[in-house]
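This report concerns only the one structure given below.
Whatever order the structure lists ligands and atoms in, that order sets their numbers, starting from 1.
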Amino acid sequence: MSRATDRSDALFAAAETLMPGGVNSPVRAFRSVGGNPPFIASAEGAYITDADGNRYVDYCGTWGPAILGHAHHEVVEAVCEAAQRGMSFGAPSEAEVDMARAVRGLYPSIEMMRMVSSGTEACMSAIRLARGFTGRDGIVKFEGCYHGHADSLLVKAGSGGATFGVPDSAGVPADLARHTYTVPFNDVDGLRSLLEAKGTDLSCVILEAVTGNMGVIRPSDEFLAFLATVSETYGTLVIFDEVMTGFRVAVGGAQGLFEFKPDLTCLGKVVGGGLPVGVYGGRAEVMASISPLGPVYQAGTLSGNPLATAAGLKTIDVLSRPGVFDRAEHAATQLANGLRVLIDELGIEAVVEQVGTMMTLFFAKAAPTNFAEVARCDHDKFGRFHRAMLDGGIYLPPSGYEAWFVSAAHTDAEVQATLNIARSALLS
Ligand code: KE4
């Protein structure tokens, strides 16, 4: 398909004179896959349409929130109704009580919670809370997991194994980064030896229980089993960052899927239905440290914003209806299985990992279990594959390190159309 791109290219050229890289978030610049990004003009159901009128089956789903499909009519109506009653109050509202009840209903480990305006804010606040509650400065994250752009979380492994971290971004003070320890995902021995050595200084372990920011990787049973002992054994809180996995790997998230009770949980994306919402929460005893009850400060002008809360509440309401999540998961399973058949037929070195409505195609011999293995995948081939799919009208997240998102609006027709294009794109 020779795709018209004049309008998007002109907009990109203008955007580059106004915003770094021409975008408001780096991955949108398509630098990992090459070419200029289409500028999106509208979205509905399983489709997005760009400024040149090209229509795509969308598997980015605005990086997760669009689990019902774009512009779901009930969500749009709920936001419009809320807007008629005022855009923002900066005061408590009934909708915030309803939202907290809805979240606790699906995530019983979240006994008390606080709404914020992004996944970054949720994770940043949860880390500060863990440090304030335990009185310890150290935090543990896993290589390749992303928890937003708070300073303490933009850290990569220091030299050697589970040593203290070094900044993964300019502007992060080394004095701060050294409190962040990084271990390979699924590395039980590495985590255990770090906790044995530093446990009394470690406030929390934060992880994506199913990763999405280095592609979809499952935790091993042994890894989950050990994590379940950490809080009790070391007094180090376990934080499930479910900003991406929440409502995605299951309606009840990874903690529902694995029957795991984290001390704290972070939510984002789906919980706002596409508008800016983050949530952090967990054990009431821990949350009691949050101001105005306790000494840990956290605040936000637009926390619990009525429009964002209305979008999130309606999204959760629709998603909780019988069969809605199953439809999205079914489409994801059909797509994953269809790709596996093509990979076998064409003799391509690739694997597909899927959990619930999230999935990733890795150009590798075997499914990666950690970041180092993901880094060894053929990302150049992913770039060629991505461009061929885009030209064929299929919009994938523009990086081999991301998860694809399938919605309840994706039907067999979209899956079949995707597989038809993939048959040739896999040979790129
Ligand atoms: P936000 O601040 O972008 O709402 O959430 C940060 C965040 C926290 N935790 C997890 C597990 C996340 O995946 C994210 C954000 N995800 C990326 C996609 N990999 C958002 C896309 C972007 O950065 O443009």
What do you reckon, does E402 have a nitrogen or oxygen under 3.5 Å from a nitrogen or oxygen of ligand 1?
-> yes
Polar-atom distance check: G119 versus ligand 1, any N or O pair below 3.5 Å?
->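 N/O-N/O distance under 3.5 Å: yes.
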For K269 and ligand 1, answer yes if some heavy atom of the residue is under 4.0 Å from a ligand atom, otherwise no.
->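 Yes, K269 has a heavy atom closer than 4.0 Å to ligand 1.
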Does the side chain of E242 come under 3.5 Å of the side chain of Y107 through a donor N or O and an acceptor N or O?
->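 No, no side-chain donor-acceptor pair sits under 3.5 Å.
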Side chains of D9 and N36, donor plus acceptor under 3.5 Å =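 Indeed, the side chains of D9 and N36 share at least one donor-acceptor pair under 3.5 Å.
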Heavy-atom nearest pair, P173 first then D151, reads CD-OD2, 4.3 Å
Output the list of atoms in ligand 1 that are nearer than 4.0 Å to some heavy atom of G148, sorted by atom number.
-> 6 (C), 7 (C), 8 (C)
Report the nearest protein non-hydrogen atom to [atom]: residue, atom name, distance rounded to 0.1 Å.
atom                    : result
atom 9 (N) of ligand 1  : D241 OD2, 2.7 Å
atom 12 (C) of ligand 1 : N213 ND2, 3.6 Å
atom 23 (O) of ligand 1 : S25 OG, 3.5 Å

Measure the spacing between CG of L264 and CE of M287 and express it to the nearest 0.5 Å.
->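 The distance works out to 7.0 Å.
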Begin from the C-alpha positions of F223 and F142 and carry the test ring pair (Phe, Tyr, Trp, His ring centres under 6.0 Å) through to its verdict.
-> CA-CA 12 Å; F223 187 55; F142 296 91; 5.3 Å; yes
Backbone, side chain, both or neither: what part of T120 comes under 4.0 angstrom of ligand 1, heavy atoms only?
->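 Answer for T120: both.
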Ligand 1 contact on E208 by region, counting heavy-atom pairs under 4.0 Å =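 The side chain, only.
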Per ring pair (Phe, Tyr, Trp, His ring centres under 6.0 Å), H379 is matched among F385, F362, Y401 by Y401
Could you tell me whether atom 4 (O) of ligand 1 has a protein heavy atom closer than 4.0 Å?
-> yes
Decide, yes or no, whether a salt bridge links D263 with R283 under the criterion of side-chain N to carboxylate O below 4.0 Å.
-> yes
